[in-house]
Amino acid sequence: MNMPLKIPENHPRADSLRIRERLVEAFEQGAVARAGLIAHGRGEAFDYLLGEQTNQPAKEAIRAAAALLLTAKKPVISVNGNFVALTPKEIVSLSKSAKAEIEVNIFYRTLEREKIIKSLLERVGATRVLGVDEVNSTCIPELGSERRRVSSDGIFLADVVLVPLEDGDRTEALIMMGKKVIAIDLNPLSRTSTKATITIVDNVVRAMPKLISEVETLRSTEVTDLTVIAEQFNNKANLNKSLTYIVERLMELAG
Ligand code: PTJ
């Protein structure tokens with residue numbers, strides 16, 4: 001076990017180091033998978049390229065995602081180890097404001113990890129967490145991984161599923177089942193990003209509070225207008241904008 005790192009306030013990378021520490025702590029608690037630490041490193045690299053801020057294409061995706069959540073009949077937030085380590089309170093808050101179920105669905109599946117993730121959510125106010133030791137589970141067709149088992153009351157019935165930090169093939173399977181998928185992924189090139197209905201290319205740490213506040217902003221908007229906002233969103237065009245943003249930023253930095 002590592003000694004917790006004492007991060008000097010004036011360290012130029014203090015925020016990033018604090019986030020790393022949260023991941024390490026949640027790994028030691030048993031919530032984050034070993035591979036989750038590697039996944040975080042990959043995310044950090046893309047975040048550098050994005051300038052570690054929520055850019056305009058991400059803001060547009062957040063607005064469309066909020067509209068989609070508000071028009072959904074049965075939205076579900078899918079939660080894994082990294083997501084709960086980074087934004088536990090925001091997951092609970094979004095589930096309340098968007099009236100969405102929370103379901104634990106992990107790639108490296110053990111009952112022990114499921115229970116730890118559930119308890120971290122309950123500690124910050126979650127009252128109903130699906131997907132843990134479920135008698136009532138169903139399998140997603142065409143999916144080989146442990147993620148195929150989903151709650152019959154949650155992801156299986158959902159029309160809209162939020163899938164942050166996804167591993168890839170499940171998004172495709174959910175889309176094939178006729179569901180709409182909102183991804184939050186720092187990598188605009190990932191399979192998840194390209195297959196999702198709406199991809200927010202941003203760090204979950206920044207995107208989640210903005211998504212919650214956008215849900216509040218749009219709450220009183222007419223359903224027909226919300227539908228237009230969600231349907232007018234073009235994921236491919238938005239991902240192209242994120243890539244262009246990175247390219248232009250790097251060109252500028254390169255002088
Ligand atoms: O908890 P489990 O068992 O379900 O395992 C979860 C991990 C994350 C290990 C699993 O889903 C996995 O292996 O994911 P990948 O294939 O590494 O993909 C994770 C994606 O999330 C990558 O495209 C990363 O760039 C991205 N990512 C990493 N950190 C963040 C992120 N996106 C948004 N915010 C982050 N903080």
Side-chain angles (χ1 to χ4, degrees), residues 15-24 26-55 57-58 61-62 65 77-88 90-91 94 102-118 120-121 129 131-132 140 143-150 155 161-174 181-196 198-211 239 242-243 246:
D15 285 346
S16 170
L17 291 175
R18 258 185 236 112
I19 292 171
R20 270 193 191 178
E21 280 305 297
R22 257 194 264 166
L23 250 298
V24 171
F27 168 70
E28 282 165 354
Q29 286 170 329
V32 168
R34 274 190 305 174
L37 299 177
I38 299 168
H40 183 73
R42 180 145 56 139
E44 279 185 344
F46 276 101
D47 215 1
Y48 249 86
L49 299 179
L50 288 161
E52 296 176 303
Q53 51 186 328
T54 307
N55 55 45
I62 287 169
I77 304 171
S78 179
V79 176
N80 66 11
N82 288 50
F83 191 32
V84 84
L86 295 175
T87 56
E90 291 80 359
I91 292 167
L94 181 65
I102 300 175
E103 178 167 341
V104 177
N105 185 272
I106 51 182
F107 188 73
Y108 299 96
R109 195 165 203 152
T110 66
L111 179 57
E112 195 196 350
R113 278 193 69 218
E114 286 175 352
K115 284 183 175 166
I116 294 169
I117 291 170
K118 182 179 178 184
L120 289 178
L121 290 165
V129 179
V132 180
I140 300 182
L143 200 55
S145 78
E146 273 303 308
R147 279 194 148 151
R148 70 185 180 279
R149 255 189 302 127
V150 295
I155 291 174
V161 189
L162 174 70
V163 294
L165 278 134
E166 181 74 1
D167 62 275
D169 53 353
R170 191 173 59 136
T171 298
E172 226 169 327
L174 292 173
V181 175
I182 300 167
I184 308 177
D185 192 333
L186 281 159
N187 177 2
L189 299 167
S190 76
R191 209 141 50 92
T192 301
S193 291
T194 54
K195 297 293 174 193
I198 297 173
T199 303
I200 301 166
V201 180
D202 198 10
N203 198 318
V204 291
V205 170
R206 292 188 299 270
M208 282 294 282
K210 293 189 174 71
L211 184 54
L239 288 174
S242 294
L243 286 170
I246 292 174

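Whatever order the structure lists them in is the order used to number ligands and atoms, beginning at 1.
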Contacts of E90 that satisfy salt bridge (Lys or Arg N to Asp or Glu O under 4.0 Å) - sequence neighbours left out: none

Partners passing salt bridge (Lys or Arg N to Asp or Glu O under 4.0 Å) against D202 (at least two apart in sequence or in another chain): R206

Crowded around R148 CZ? As in, over 12 foreign heavy atoms under 6.0 Å? yes

Applying salt bridge (Lys or Arg N to Asp or Glu O under 4.0 Å), can you list everything that pairs with R113, at least two apart in sequence or on another chain? none

Distance in Å, I182 CD1 paired with I62 CD1, rounded so as to fall on 0.5 Å steps: 11.0 Å

Of all the heavy-atom pairs spanning N187 and S193, show the shortest one and how long it is. O-OG, 2.7 Å

Contacts table for ligand 1: protein N or O within a distance under 3.5 Å of ligand N or O, distances only.
unit_1, atom_1, unit_2, atom_2, d
ligand 1, 1 (O), G81, N, 2.9
ligand 1, 1 (O), R113, NH2, 2.8
ligand 1, 3 (O), F107, N, 3.2
ligand 1, 3 (O), Y108, N, 2.8
ligand 1, 3 (O), R113, NH1, 2.7
ligand 1, 4 (O), F107, N, 2.7
ligand 1, 4 (O), R147, NH2, 3.3
ligand 1, 11 (O), L165, O, 3.2
ligand 1, 16 (O), R42, NH2, 3.2
ligand 1, 17 (O), R42, NH2, 2.7
ligand 1, 18 (O), E166, O, 3.1
ligand 1, 23 (O), D185, OD1, 2.8
ligand 1, 23 (O), D185, OD2, 3.3
ligand 1, 32 (N), L186, N, 3.2
ligand 1, 34 (N), N203, OD1, 3.4
ligand 1, 34 (N), V204, N, 3.0
ligand 1, 36 (N), N203, OD1, 2.8

